[in-house]
Amino acid sequence: MHYECIIIGGGIAGLQAAIQLGRYKHRVLLIDAQHGRSTICQAYHNVLGWPDGVSGPKLRELGLKHAVSLGIQYLNDLVTEVSSSDPVFQVATKEHGIHTADTLLFATGVMDRLPAIPHVVPCLGRTIYVCPDCDGYEVFNRRTMVLGAGNVGAQMAVTLSYWTDDLIYINHEMEAVHEELQAQLNALAIEMIAVPIKELLVETEGECEGVRLDCGRIVHAERGFVAFGGNEVRTALAESLGVKLMENRHIAVDPRTKMTNIARVFAAGDVNVHSEQLTIAMGEGAQAAIWIHKTLMSEADPSRTKQK
């Protein structure tokens with residue numbers, strides 16, 4: 001079946017776009033490999049309507065159910081290649097062959113570089129966090145550790161000093177820290193320990209209590225942030241199609257339409273250049289869908305004046 005739009009990525013941005021396009025009654029295929037930030041975050045606390053938090057898997061479950069109820073086709077598969085034979089785009093998948101569409105939406109997101117430390121993933125969003133803008137509030141006046149590497153971890157510790165004075169930075173990968181950042185740590189009385197972490201201390205799932213270091217030392221903390229840098233920005237597929245990337249490998253889109261430099265190719269969510277928040281990704285997904293609809297309508301009827 002030929003689609004009016006194929007959405008690559010079924011996280012928050014992709015699902016919101018699918019819901020909006022479904023409400024326009026467009027023929028849409030959503031392809032998702034079920035591996036991304038929202039699959040592992042156990043609680044988002046800064047989302048309207050969820051004051052007690054909501055997990056990424058729960059939002060994805062609800063979003064997919066909503067999208068499918070509107071006629072969206074869903075495929076659990078990995079996209080391996082994207083190409084163009086104007087005016088049609090071809091999307092090849094690992095298990096289900098090639099699909100074609102008039103428009104594309106990349107909602108492929110970003111994946112954090114997480115350390116191979118036991119018990120970290122079940123704590124993500126509950127007591128271990130990655131984004132100070134999203135979850136700095138959660139560590140207010142709490143004993144907090146930063147699990148990180150070099151300058152990235154040091155900068156996170158400095159940033160979190162806005163929320164708490166009780167901080168310790170564990171430089172797990174023992175990378176050097178610039179003198180200026182070290183001076184800031186010293187001024188804020190933030191201890192830095194350059195020793196690898198053996199394990200996260202957890203008695204109740206999702207509730208960290210600190211870490212045990214390779215040297216045997218135990219560091220107690222109520223909350224923690226991960227800051228290793230080197231996050232994977234998933235733009236390889238878009239780049240292969242000719243989509244222009246920024247130096248940081250994120251996609252720069254038209255701020256209003258979310259269209260890339262290639263006509264009828266859009267992008268939304270963390271893969272774009274913004275502050276990488278769930279609520280922004282949701283808004284970008286909806287905005288991209290609105291302009292995909294406008295594009296489809298104008299091309300279906302050339303006499304139609306493009307909506308402004």
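- In terms of modelled atom types and a separation under 3.5 Å, the side chain of K258 and the main chain of P255 share a donor-acceptor contact.
- Not one N or O on the side chain of Q42 forms a donor-acceptor pair closer than 3.5 Å with the backbone of L124.
- For T235 (side chain) and A238 (main-chain N/O), no donor-acceptor pair under 3.5 Å exists by modelled atom type.
- To the nearest 0.5 Å, atom CZ of residue F266 and atom CD of residue Q287 are 10.5 Å apart.
- Panel note: side chain N171, backbone M192; no donor-acceptor pair is recorded below 3.5 Å.
- Using a 4.0 Å cut-off between a side-chain N of Lys or Arg and a carboxylate O of Asp or Glu, D102 and R264 do not qualify as a salt bridge.
- R217 has its side chain out of reach of V195: every pair of non-hydrogen atoms, C-beta onward, lies at least 4.5 Å apart.
- With contacts defined as side-chain heavy-atom distances shorter than 4.5 Å, the pair E4/I292 does not qualify.
- For H2, the NE2 atom is densely surrounded, since the number of other residues' heavy atoms within 6.0 Å is greater than 12.
- Residues L64 and L15 form a side-chain contact, since some pair of their non-hydrogen atoms from C-beta on lies under 4.5 Å apart.
- Side-chain atoms of Y129 and E138, non-hydrogen and from C-beta on, do get closer than 4.5 Å to each other.
- A 4.5 Å side-chain heavy-atom check between I128 and L200 finds at least one atom pair inside the cut-off.
- The pair D32-R60 meets the salt-bridge criterion, with a side-chain N (NZ, NE, NH1 or NH2) lying under 4.0 Å from an Asp/Glu carboxylate O.
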- Task: Report the C-alpha separation of D133 and Q277 in whole Å, then their side-chain angles, then the decisive distance to 0.1 Å, and conclude whether the side-chain hydrogen bond (donor to acceptor under 3.5 Å, both in side chains) test is met.
- Result: CA-CA 8 Å; D133 296 311; Q277 290 225 10; 4.9 Å; no
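- A continuous path of hydrophobic side-chain contacts links M297 to I290 [ILVMFWY only; heavy atoms under 4.5 Å].
- One hydrophobic cluster holds both L104 and L75 under the rule that ILVMFWY side chains link at heavy-atom gaps under 4.5 Å.
- Judged purely by atom type and a 3.5 angstrom limit, T204 has no side-chain atom pairing as donor or acceptor with the backbone of E207.
- Taking all atoms of both residues into account, the shortest heavy-atom contact from A154 to L181 is CB-CD1, 4.1 Å.
- A salt bridge links E199 with R212: at least one charged nitrogen is closer than 4.0 Å to a carboxylate oxygen.
- Counting only heavy atoms from C-beta outward, the side chains of Q73 and H99 never approach each other to under 4.5 Å.
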- Task: In sequence, state the C-alpha distance, the side-chain angles, and the governing distance for L70 and I19, and then conclude on side-chain contact (heavy atoms from CB on, under 4.5 Å).
- Result: CA-CA 7 Å; L70 292 165; I19 289 168; 3.9 Å; yes
- Message: Could you walk me through whether L21 and I7 satisfy the side-chain contact (heavy atoms from CB on, under 4.5 Å) test, starting with their C-alpha distance in whole Å, then the side-chain angles of each, then the deciding distance to 0.1 Å, before giving a yes or no?
- Response: CA-CA 10 Å; L21 288 169; I7 301 171; 4.2 Å; yes
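- The CG atom of N186 lies 10.0 Å from the CD atom of Q184; values are rounded to the nearest 0.5 Å.
- Atom CG of L241 sits about 9.5 Å away from atom CD of Q90, to the nearest 0.5 Å.
- Put simply, the side chain of L147 does not reach to within 4.5 Å of the side chain of P115, judged on heavy atoms.
- Surrounding CG of N76 are more than 12 heavy atoms belonging to other residues, nucleotides or ligands, all under 6.0 Å away.
- The backbone N or O of H220 sits less than 3.5 Å from a side-chain atom of R143, completing a donor-acceptor pair.
- To the nearest 0.5 Å, the span separating CG on D166 from CG on N141 amounts to 9.0 Å.
- Shortest non-hydrogen contact noted between A13 and G269 is CB-CA, 3.7 Å.
- Hydrophobic clustering (ILVMFWY, side-chain heavy atoms < 4.5 Å, transitive): M156 and I190 are in one cluster.
- The two atoms that bring I6 and A101 nearest to each other are CG1-CB, 3.5 Å, heavy atoms only.
- When every heavy atom of E205 is checked against every heavy atom of P122, the shortest pair comes out as OE2-CB, 3.8 Å.
- Taking CG from L59 and SG from C41, the interatomic distance works out to 9.0 Å, rounded to the nearest 0.5 Å.
- Listed here is the closest heavy atom pair of S38 and G11: OG-CA, 3.9 Å.
- Under a 3.5 Å cut-off, the side chain of N261 and the backbone N or O of G242 do form a donor-acceptor pair.
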- Derivation and outcome, side-chain contact (heavy atoms from CB on, under 4.5 Å), residues N151 and E175: CA-CA 8 Å; N151 294 324; E175 292 183 4; over 6 Å; no
- Message: If you apply the rule side-chain contact (heavy atoms from CB on, under 4.5 Å), what do you find for H250 with V110, and how did you get there?
- Response: CA-CA 9 Å; H250 286 266; V110 170; 3.8 Å; yes
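- Between K94 and D77 there is no salt bridge, since none of the side-chain N atoms of the basic residue sits less than 4.0 Å from a carboxylate O of the acidic one.
- Within the 3.5 Å criterion, the main-chain N or O of P196 finds no donor-acceptor partner in the side chain of H172.
- The closest donor-acceptor contact from the side chain of T127 to the backbone of C208 lies under 3.5 Å.
- Listed here is the closest heavy atom pair of D135 and H45: OD1-CD2, 4.1 Å.
- Residues F228 and V146 do not share a hydrophobic cluster, defined by chaining ILVMFWY side chains whose heavy atoms lie under 4.5 Å apart.
- Between the CG atom of D112 and the SG atom of C131 there is a distance of 9.5 Å, given to the nearest 0.5 Å.
- Between the N231 side chain and the R113 main chain, a donor and an acceptor come within less than 3.5 Å of each other.
- Taking the side chain as every heavy atom from C-beta outward, Q20 and H293 never approach each other to under 4.5 Å.
- Note: W163 and F140 have perpendicular aromatic rings, judged against thresholds of 30 and 60 degrees for the angle between ring planes.
- One hydrophobic cluster holds both V226 and I193 under the rule that ILVMFWY side chains link at heavy-atom gaps under 4.5 Å.
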